Structures are given as structure tokens and as C-alpha cells.
Amino acid sequence: MENQIKSKRLHITLWVVQVILALAFGMVGIMKMYKPADQLIEMGMTFVKHFELSTIRFIGIAEILGAIGLILPAAIRIKPILTPIAAIGIALVMILASAQHISRNESFVPTLVLFALAVFIAWGRLLKVPIQPR
């Protein structure tokens, strides 16, 4: 009985983290897709100065797809294994983003937090409380 309660709590916690991470990546991805580079820079995304606009747009698309992958497969329970795979993809992107920030002597703490949340989702959905397909 106690294990069921712990599993239920972890399941709920994972859903909360999935939604938070999906909202964060979805919103930032949409901004990278549609805002001009100078507005992104003004918002604190200084890395934009170092990349072509097409690369920034591609990153935005990848972030939007990652956000969708965190929620949709698990929510509809069709190929729910894609949710932890999306989390792993996001974690890998955060490693690369951290490397970019470190190379420019910028703070990498936000990317480290996002990395940790993505790893938590991957661990939870792969090993602890996977969502069963229909």
C-alpha cells in the first residue's frame, strides 16, 4: 500500500514537472520562432548574437517539438516511450547549451536546472512509473 502511494506521488510529481518543462520550452521555442533577433537579445538571449537567425529558428522548432514530446505521447498513451525519449533529447540539448554558455563566460545555472528536470522525467518515466500504452 505504501509503495502504491509513493508511486502515485511520483506519478503526479512527474506530470507537474513535465507540464512545467513543456511550458518553458514551448514558450521559449515560440519566441525563438517568431521574434526578431534584436528582441531576443533584449530579452537576455545574448547567444543569439553568435548564431544565424535560421539556426535560432531551428532551435525554436526543436524546443517546441520537445515540449510536445514531453506531454502528448504520455497524455494520449500512444507510444508513451516517446516522452522519456523527448526528455533525454532535452537533457542533451541542455548539455550543449551549457557548453555554449560556459564558453562565453555566461551563467549556465538555468540550463543546469532544465537539464536536471529533464533527467528526472527520463528516469521517472523509464524506470519508476512508466506510462503504459493503450
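Keep in mind that this is a model prediction, so the values were computed, not measured.
- Atom CD1 of Ile30 and atom NZ of Lys35 lie 11.0 Å apart (nearest 0.5 Å).
- When each of Ile59, Ile64, Leu65 is paired with Ile61, the side chain to side chain contact (heavy atoms under 4.5 Å, CB included) condition holds for Leu65 and for no other.
- Of all non-hydrogen atoms in Ile88 and Ala122, the two that sit nearest each other are CG1-CB, 3.7 Å.
- Looking at Val93 and Leu114, their side chains never come closer than 4.5 Å, going by heavy atoms from C-beta outward.
- The line from CD1 of Ile56 to CE of Met33 is 12.0 Å long, rounded to the nearest 0.5 Å.
- Residue Phe51 qualifies as enclosed at atom CZ: its count of foreign heavy atoms under 6.0 Å is above 12.
- Residues Leu10 and Lys6 form no side-chain contact, since every pair of their non-hydrogen atoms from C-beta on lies 4.5 Å or further apart.
- Taking the side chain as every heavy atom from C-beta outward, His11 and Lys128 never approach each other to under 4.5 Å.
- The same ILVMFWY cluster, assembled from side-chain heavy atoms under 4.5 Å apart, contains both Trp123 and Val113.
- Closest heavy-atom contact between Lys32 and Glu63: NZ-OE2, 2.8 Å.
- Nearest heavy-atom pair across Tyr34 and Arg57 is N-NH1, 3.8 Å.
- One distance of note links CZ of Arg125 with CG of Leu70; it measures 10.5 Å at 0.5 Å rounding.
- The number of heavy atoms from other shown groups lying within 6.0 Å of CZ (Phe120) is above 12.
- Minimum heavy-atom separation, Ser98 to Thr111: OG-OG1, 2.7 Å.
- No cation-pi contact links Arg9 to Trp15, judged by a cut-off of 6.0 Å to the six-membered ring centre and 45° from its axis.
- To the nearest 0.5 Å, atom CD1 of residue Ile121 and atom CG of residue Leu126 are 11.5 Å apart.
- When the side chains of ILVMFWY residues are joined at heavy-atom separations under 4.5 Å, either directly or via intervening members, Val28 and Phe47 end up in a single hydrophobic cluster.
- Each of Ile41, Thr55, Leu53 was compared with Val48 under the side chain to side chain contact (heavy atoms under 4.5 Å, CB included) criterion, and only Ile41 meets it.
- Evaluation of the salt bridge (Lys or Arg N to Asp or Glu O under 4.0 Å) rule for Lys79 yields no partner, not counting sequence neighbours.
- Minimum interatomic distance between Ala91 and Val119 (heavy atoms only, all atoms of both residues): CB-CG2, 4.0 Å.
- The side chain to side chain contact (heavy atoms under 4.5 Å, CB included) test with Gln18 singles out one residue from Thr13, Thr83, Leu23, and that residue is Thr83.
- There is a path of hydrophobic side-chain contacts, each under 4.5 Å, that joins Ile90 to Leu127.
- Looking at Met31 and Gln39, their side chains never come closer than 4.5 Å, going by heavy atoms from C-beta outward.
- One finds the CG atom of Leu21 at 8.5 Å from the CE atom of Met94 (value rounded to the nearest 0.5 Å).
- Tracing side-chain contacts under 4.5 Å through hydrophobic residues (I, L, V, M, F, W, Y), one reaches Leu117 starting from Leu82; they form part of the same cluster.
- Distance alone, capped at 3.5 Å, places no donor-acceptor pair between the Arg77 side chain and the Ile131 backbone.
- The line from NZ of Lys49 to CZ of Arg104 is 10.0 Å long, rounded to the nearest 0.5 Å.
- The heavy-atom pair separating Ala86 from Gly69 by the smallest distance is CB-C, 3.6 Å.
- If you chain together hydrophobic residues whose side chains sit under 4.5 Å apart, Ile68 and Ile85 never meet in one group.
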